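A short worksheet on the structure shown next.
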There are 2 protein chains.
Amino acid sequence: MIPTPDMVLTQLRKGVVEYCVLACLRSGPAYGLELAERLGTDSSLLTSEGTLYPLLSRLRQQGWVTTTQVPSAVGPPRRYYELTDEGRATLETFTATWSRFTADVRTTLES
Amino acid sequence: MIPTPDMVLTQLRKGVVEYCVLACLRSGPAYGLELAERLGTDSSLLTSEGTLYPLLSRLRQQGWVTTTQVPSAVGPPRRYYELTDEGRATLETFTATWSRFTADVRTTLES
DNA sequence: GGGGTCTATCTTGTTTCGCAAGGTACCTGC
DNA sequence: GCAGGTACCTTGCGAAACAAGATAGACCCC
């Protein structure tokens with residue numbers, strides 16, 4: 001019973017998707033479904049909106065993003081998410097931690 | 001409230017430690033505390049034995065390792081874990097998945 | 001104005017995993 | 001015996017991703 005890549009990926013995403021969303025917002029505000037599409041089709045970092053929305057709530061609650069509701073011509077209003085200074089700082093902390101972690105894993109895998 | 005690196009790491013380890021243990025066993029059999037020391041002091045991949053032992057049970061249950069109990073001169077008998085062929089195949093699958101995943105994350109973080 | 005179809009957000013229940021704290025048992029030396 | 005080190009295992013907890021479904025606004029066409 002060798003695990004499928006999908007099963008492996010589900011675990012690997014934990015604690016990473018969150019910060020990838022922050023990284024996406026670095027280039028400017030975006031709304032939920034837009035982020036879901038970017039992270040779900042371009043990369044394999046998100047599989048379901050059921051992951052995204054609770055995650056976005058956490059980001060807002062932590063003060064890493066602010067939100068503004070904007071009416072849309074093609075449907076219900078969109079909630080745009082924008083990175084705060086604290087969000088930027090958090091992202092930098094993560095990036096440094098991520099680098100060290102992946103280096104440790106690589107060393108172990110190659111040992 | 002910027003998260004501490006420790007809080008970030010706890011999440012990052014999920015789904016990774018398991019395969020790092022397999023990687024450690026590639027160079028030959030080892031017992032629990034030995035693995036805990038290697039992964040806990042050399043790298044920052046393991047913080048507590050409470051993580052390790054349930055994990056080792058899973059590995060055995062999946063058929064990725066076999067165990068042999070060996071009496072020790074300095075304490076209770078040690079349970080040595082040895083990689084199976086299926087464990088080796090699993091490890092290769094993980095390594096490939098891990099490479100693709102980290103590439104995706106890196107791309108997102110740098111975008 | 002009623003039905004259908006997008007678009008968009010949010011909620012619920014489940015599973016998996018790492019972690020801290022504590023418990024059990026074996027062996028040696030005083 | 002009993003103190004201390006070695007080695008293994010268990011329990012209760014919290015965090016995060018996921019699938020599936022719920023809610024609801026805007027548009028179109030009849």
Side-chain angles (χ1 to χ4, degrees), chain A residues 3-21 30-40 43-62 65 67-81 94 101 105, chain B residues 1 3-21 29-40 43-62 65 67-81 94 101 105:
Chain A
T4 67
D6 275 351
M7 291 163 52
V8 173
L9 280 173
T10 294
Q11 297 305 319
L12 294 187
R13 291 190 189 101
K14 298 200 175 182
V16 179
V17 187
E18 201 170 342
Y19 300 99
C20 287
V21 168
Y31 65 98
L33 274 193
E34 189 183 350
L35 290 166
E37 195 173 350
R38 273 204 253 167
L39 291 170
S43 359
S44 54
L45 292 171
L46 196 66
T47 59
S48 140
E49 298 151 27
T51 303
L52 183 63
Y53 287 107
L55 185 156
L56 287 171
S57 291
R58 283 205 304 275
L59 297 186
R60 184 170 31 169
Q61 208 168 356
Q62 300 273 331
V65 299
T67 64
T68 54
Q69 201 153 348
V70 176
S72 162
V74 296
R78 298 168 175 171
R79 195 183 291 278
Y80 277 84
Y81 294 83
F94 172 78
F101 179 71
V105 173
Chain B
M1 36 183 81
T4 65
D6 274 350
M7 291 163 52
V8 173
L9 280 173
T10 293
Q11 296 305 320
L12 293 186
R13 292 191 188 100
K14 298 203 173 181
V16 180
V17 186
E18 201 170 342
Y19 300 99
C20 287
V21 169
Y31 65 99
L33 274 194
E34 188 183 350
L35 290 165
E37 195 173 349
R38 274 204 253 168
L39 292 170
S43 359
S44 56
L45 293 170
L46 195 65
T47 60
S48 138
E49 298 153 26
T51 304
L52 184 63
Y53 287 106
L55 185 157
L56 288 171
S57 291
R58 284 205 304 276
L59 297 185
R60 185 169 31 169
Q61 209 168 356
Q62 299 272 332
V65 299
T67 64
T68 54
Q69 201 152 350
V70 176
S72 161
V74 296
R78 299 169 175 169
R79 196 182 289 279
Y80 277 83
Y81 294 83
F94 171 78
F101 179 71
V105 173

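Since we're looking at a predicted model, the values are computed, not measured. Convention: sequence-line order gives letters A, B, ...; per-chain numbering from 1.
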- Contacts of T51(B) that satisfy side chain to side chain donor-acceptor pair (under 3.5 Å) - sequence neighbours left out: none
- In whole angstroms, how far is the C1' atom of dG14(D) from the CG atom of D6(B)? 16 Å
- Under 3.5 Å, is there a donor-acceptor pair between the side chain of S44(A) and the main chain of G40(A)? no
- Message: It should be established whether R13(B) places a side-chain nitrogen or oxygen under 4.0 Å from OP1 or OP2 of nucleotide dC19(C).
- Response: yes
- Item | Below 4.0 Å: OP1/OP2 of dC17(C) and any side-chain N or O of R58(B) | yes
- Side-chain donor or acceptor of K14(A) under 3.5 Å from a matching atom on the base of dT16(C)? yes
- Item | Touch class at under 4.0 angstrom, heavy-atom based, for S48(A) against every strand present | base
- Interatomic distance where CG belongs to L55(A) and P belongs to dA15(D) [whole Å]: 14 Å
- Residue-phosphate contact under 4.0 Å: S72(A) side-chain N/O, dT7(C) OP1/OP2: no
- Between atom CZ in R38(A) and atom P in dA8(C), what is the gap in whole Å? 14 Å
- If each of T10(A) and P71(A) is mapped to the nucleotide of DNA chain D with the nearest heavy atom, which maps nearer the 5' terminus, i.e. the 5' end? T10(A)
- Phosphate OP1/OP2 of dA8(C): any Y31(A) side-chain N/O under 4.0 Å: yes
- Message: From OH of Y80(B) over to C1' of dC8(D), roughly how many Å is that when rounded to an integer?
- Response: 14 Å
- Message: In whole Å, I'd like the distance from the CG atom of L52(B) to the P atom of dC8(D).
- Response: 9 Å
- With the side chain defined as heavy atoms from C-beta on, P76(B) is closest, among dC19(C), dG5(D), dA17(D), to dG5(D)
- Query: If only atom types and distance count, is the side chain of S43(B) paired as donor or acceptor with the main-chain N or O of L45(B) below 3.5 Å?
  - Reply: no
Check: protein-nucleotides 9-13 of chain D nitrogen or oxygen pairs below 3.5 Å:
| unit_1 | atom_1 | unit_2 | atom_2 | d |
| --- | --- | --- | --- | --- |
| dC9(D) | OP1 | R79(B) | NE | 3.0 |
| dC9(D) | OP1 | R79(B) | NH2 | 3.3 |

- Item | Separation of atom CG in L33(A) from atom P in dC10(C), rounded to whole Å | 11 Å
- Message: On DNA chain C, does the nearest nucleotide to L46(B) precede the nearest nucleotide to E34(A) from the 5' side, or the other way round? Give the residue.
- Response: E34(A)
- Between G75(B) and P77(A), name the one whose nearest nucleotide on DNA chain D is closer to the 5' end. G75(B)
- Item | Length of the line joining Q69(B):CD and dC8(D):P, which is rounded to integer Å | 9 Å
